[in-house]
Amino acid sequence: MKILRDILFKASIVEVVGSTNLAIERLSSDSRTLGKNSLFFAVRGTQVDGHAFIEAAIERGAVAVICEELPLHQHAQVTYVKVGNAAAAMGWVSANFHGNPSSKLKVVGVTGTNGKTSVATGMFDLFTKMGFACGLLSTVENRIGGEVIPATHTTPDSISLQGLMSQMLERGIAYCFMEVSSHALDQHRTTGVEFTGAMFTNITQDHLDYHKTFARYIEAKKKLFDGLTSNAWALVNGDDRNGRVMLQNCKAAQQYTYGLKGDADVKVKIVENSLDGLLLQIQQKEISTPFVGKFNASNLLAMYGAATLLKQNPDAVLTHLSMIGPPAGRFQRLSRLGCPTVFVDYAHTPDALEKVLMTLTETTQGQGHIYTVVGCGGNRDASKRPIMGKIATQYSYKSIFTSDNPRNEAPMSIIQAMQSELSLEEKVRVVVMESRAEAIQAAFQLAQPQDVILIAGKGHETYQEIQGVKYPFDDVQEARNALNNYNA
């Protein structure tokens, strides 16, 4: 229980109606989850405006409301706090309510279009193997030490986020590694979080359905670095031309770049790159790893750089870095003797798809054909559909266009968009199968044992969302079943 006046610090108050000497037991921006002595945040969202639910919140126990517009009808026993931005206020108030747990943890945020999950999860695995108690906030799962907590968003809302960090602190967690999405930054979900360090992997086309322009997408990512204090460090991918953009006006005292080329502060050289893994030379020292591809060499280098900025011994970091593997659904390899080699990957952007297919092209070296099973999500950035269709056909011997998460769109209309810019020659090498299960089965029927199958787009997801319903579906399990039943 906290007193309202004590948790309003930094909330940018415009006006207060009522007493701030109130006991607050619960915070929420969802009027359906309130109870006795609650504080309700009337946040304007992309779909609904929280101001429309103020009365419902009061009926369910809210004794105070934080809003951007005071309601015309006000209850005498309720306190109304008008602020400039309710979402930002929710971040600060949530942090204050939980005692600002991030100030007592070492919190490292990872942002970028691709690689966030691999880097954040890799950091968690690395520091856990090095003997530290760690927390993880990611697309795949949230973890407090050994406890797994299902994730609903790449970055939780600020109330949930501060609550999870508070639990971490109570359980002796020292390091928290978290993915920071552009949506989260734009919606102030990380407001109130004190970051020890921030990492930038790359930025390519994605989420333009939300951000509208690429410039605004970059601007959203940059907010992570703009919010760092002089006590923090920043590590960015020097191979991405927007890496140094992230550092413009950044207050972090320590600013570094990593990369495979150029004059990066932390460098890596790829000695060997095969389907069995990578042999790398990081800062002149060799490391063998089960990760595959240049993009994973970059991710591993980012982990090494961040670990050294967290003052860990470089040799110990390299030793333990060689022991970790890819997270679920991130270029996850599945194999069985006498069967095609299968990779399941979350690649759902043009850049990610091209990178994994380029990697497979380089590592197979013409020894087998590449079959790609791919779709695009519904109710998301439609402009990337023809681009992804083009990339799949460019690098694959045969592509099977199928359903991903169509959500509220017709799957065949999405598939048609993927084919819209293909030449007649390219269309000949495309098979269309709306059923994703049948598409995966078809890939195995077409492929020979020396071939490679890429199943792209859903990665770790264990469902398929169709018309508002999530049906059980797991690419990894479908691939395993197909491997077990494969007959050359």
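All values below come from the heavy atoms of this structure, side chains included, with hydrogens, waters and symmetry mates left out.
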Notebook entry, point to check: Do Y371 and P340 come close enough that some side-chain heavy atom pair is under 4.5 Å?
Noted result: no
Next item on the list: Using the test ring-ring contact (aromatic ring centres under 6.0 Å, His included), find all partners of F124 that sit at least two apart in sequence or belong to another chain.
Entry: none
Margin query: Could you check whether any side-chain N or O of T111 sits under 3.5 Å from a backbone N or O of V180, counting only pairs where one atom can act as donor and the other as acceptor?
Written below: yes
Margin query: Looking only at side-chain N and O atoms, does R330 offer a donor or acceptor that is under 3.5 Å from a partner on T117?
Written below: yes
Check: For K294, does the NZ atom sit with more than 12 other heavy atoms under 6.0 Å from it, leaving out its own atoms?
Finding: no
Notebook entry, point to check: Quick one: side chain to side chain donor-acceptor pair (under 3.5 Å) partners of N405, sequence neighbours excluded?
Noted result: K458, E461
Item checked: Residue pair Q367 / V452, side-chain heavy-atom distance below 4.5 Å -> no
Check: When you measure from the side chain of T372 to the backbone N and O of A392, does any donor-acceptor pair fall under 3.5 Å?
Finding: no
Notebook entry, point to check: Is there a donor-acceptor pair under 3.5 Å between the side chain of Q332 and the backbone N or O of G329?
Noted result: yes
Check: Where is the tightest heavy-atom contact between I270 and L278, given as atom of each residue plus distance?
Finding: CG2-CD2, 4.1 Å
Next item on the list: Taking T191 for its side chain and G91 for its backbone only, find out whether a donor-acceptor pair lies under 3.5 Å.
Entry: no
Margin query: Looking at F473, I'd like to know if its CZ atom is crowded, meaning that more than 12 non-hydrogen atoms belonging to other residues, nucleotides or ligands lie closer than 6.0 Å.
Written below: yes
Item checked: Shortest non-hydrogen contact from S138 toward N142 -> N-OD1, 3.3 Å
Notebook entry, point to check: Are V431 and K398 close enough that some pair of their side-chain heavy atoms sits under 4.5 Å apart?
Noted result: yes
Next item on the list: Check step by step if salt bridge (charged side-chain N to carboxylate O under 4.0 Å, His left out) holds for R407 and E409.
Entry: CA-CA 6 Å; R407 299 184 176 89; E409 288 192 62; over 6 Å; no
Notebook entry, point to check: Any sub-3.5 Å donor-acceptor pair from E179's side-chain atoms to G109's backbone N or O?
Noted result: no
Check: Closest heavy-atom contact between S274 and V292?
Finding: O-CG1, 3.4 Å
Check: For the residue pair I391 and P350, what are the closest heavy atoms and their distance?
Finding: CD1-O, 3.3 Å
Margin query: With side-chain hydrogen bond (donor to acceptor under 3.5 Å, both in side chains) as the criterion, how do T113 and Y217 come out once you've worked through the C-alpha distance, each side chain's angles and the decisive distance to 0.1 Å?
Written below: CA-CA 10 Å; T113 305; Y217 181 36; 2.9 Å; yes
Next item on the list: Using side chain to side chain contact (heavy atoms under 4.5 Å, CB included) as the criterion, list what pairs up with I324, not counting sequence neighbours.
Entry: D125, K129, F291, M303, L321
Check: Does the R385 side chain pair with the main chain of A417, one donor and one acceptor, at a distance under 3.5 Å?
Finding: no
Next item on the list: Of all the heavy-atom pairs spanning V430 and T393, show the shortest one and how long it is.
Entry: CG2-CG2, 3.3 Å
Note to self: With heavy-atom distances below 4.5 Å as the criterion, would you say the side chains of K355 and N202 are in contact?
What the structure shows: yes
Notebook entry, point to check: Does the side chain of F200 come within less than 4.5 Å of V110's, by heavy atoms?
Noted result: no
Margin query: Just to verify, what does Q450 make a side chain to side chain contact (heavy atoms under 4.5 Å, CB included) with, not counting sequence neighbours?
Written below: Q448
Next item on the list: Hey, could you give me each pair passing ring-ring contact (aromatic ring centres under 6.0 Å, His included) that has a residue in residues 307-332? Not counting sequence neighbours.
Entry: F295-F331, F331-F343
Next item on the list: Output yes when a side-chain donor or acceptor of D451 lies under 3.5 Å from a complementary backbone atom of G368, and no otherwise.
Entry: no
Notebook entry, point to check: Got a sec, which residues hit salt bridge (Lys or Arg N to Asp or Glu O under 4.0 Å) with K222, two or more places apart in sequence or on another chain?
Noted result: D226
Note to self: With a 3.5 Å distance limit and no angle check, can you tell me whether T402 reaches the backbone of M433 through a side-chain donor-acceptor pair?
What the structure shows: yes
Checklist line | Pair T139-Y346, side-chain donor/acceptor within less than 3.5 Å | finding: no
Next item on the list: For S29 and M90, work out which heavy atoms get closest and say how close.
Entry: CB-SD, 3.7 Å
Item checked: Residue list, salt bridge (Lys or Arg N to Asp or Glu O under 4.0 Å) with E147, at least two apart or on another chain -> R171
Next item on the list: Only one of I453, V374, I370 passes side-chain contact (heavy atoms from CB on, under 4.5 Å) with S396; say which it is.
Entry: I370
Check: Do M178 and F195 come within less than 4.5 Å of each other through their side chains, counting heavy atoms only?
Finding: yes
Next item on the list: Starting from the C-alpha separation in whole Å, work towards a yes-or-no answer on salt bridge (charged side-chain N to carboxylate O under 4.0 Å, His left out) for D49 and R44.
Entry: CA-CA 4 Å; D49 184 347; R44 299 186 196 279; 2.5 Å; yes
Check: Which distance, rounded to the nearest 0.5 Å, do you find between the CD of Q254 and the CG of N231?
Finding: 10.0 Å
Check: Would Q162 and V193 satisfy side-chain contact (heavy atoms from CB on, under 4.5 Å), going step by step from the backbone distance to the final call?
Finding: CA-CA 8 Å; Q162 295 293 339; V193 176; 3.6 Å; yes
Distance-only donor-acceptor hits, side chain of residues 243-253, under 3.5 Å, sequence neighbours excluded:
none

Check: Stepwise, does the side-chain contact (heavy atoms from CB on, under 4.5 Å) test hold for M199 with V108?
Finding: CA-CA 8 Å; M199 304 168 70; V108 177; 3.8 Å; yes
Margin query: Taking the side chain as everything from C-beta on, heavy atoms only, tell me whether K384 gets closer than 4.5 Å to H348.
Written below: yes
Next item on the list: Using ring-ring contact (aromatic ring centres under 6.0 Å, His included) as the criterion, list what pairs up with Y463, not counting sequence neighbours.
Entry: none
Note to self: Under a plain distance cut-off of 3.5 Å, with no hydrogens placed, do D351 and T349 share a side-chain donor-acceptor pair?
What the structure shows: no
Next item on the list: Decide if atom CG of D315 counts as having more than 12 heavy atoms of other residues, nucleotides or ligands within a radius under 6.0 Å.
Entry: yes
Notebook entry, point to check: What residues, two or more places apart in sequence or in another chain, satisfy salt bridge (Lys or Arg N to Asp or Glu O under 4.0 Å) together with D157?
Noted result: none
Notebook entry, point to check: Sequence neighbours excluded, which residues qualify as salt bridge (Lys or Arg N to Asp or Glu O under 4.0 Å) partners of D265?
Noted result: none
Item checked: side-chain contact (heavy atoms from CB on, under 4.5 Å) partner of D475, chosen from R436, R480, Q464 -> R436
Next item on the list: Would you please classify the geometry between the F127 ring and the F177 ring as parallel, tilted or perpendicular, with 30° and 60° separating the classes?
Entry: tilted
Note to self: Under the criterion side-chain contact (heavy atoms from CB on, under 4.5 Å), I'd like the reasoning laid out for N485 against F444: C-alpha separation, chi angles, the key distance, then a yes or no.
What the structure shows: CA-CA 9 Å; N485 296 320; F444 280 87; over 6 Å; no
Next item on the list: May I ask you to test the I414-P406 pair for a side-chain heavy-atom distance under 4.5 Å?
Entry: yes
Check: Between the side chain of K390 and the main-chain N/O of E421, is any donor-acceptor distance below 3.5 Å?
Finding: yes
Margin query: Among residues at least two apart in sequence or on other chains, which ones pass ring-ring contact (aromatic ring centres under 6.0 Å, His included) with H188?
Written below: none
Note to self: Tell me whether N237 contacts the main-chain N or O of T201 through its side chain, where contact means a donor paired with an acceptor under 3.5 Å.
What the structure shows: yes
Notebook entry, point to check: Run the side-chain contact (heavy atoms from CB on, under 4.5 Å) check on T190 and L224 step by step: do they pass?
Noted result: CA-CA 9 Å; T190 58; L224 175 61; 5.6 Å; no
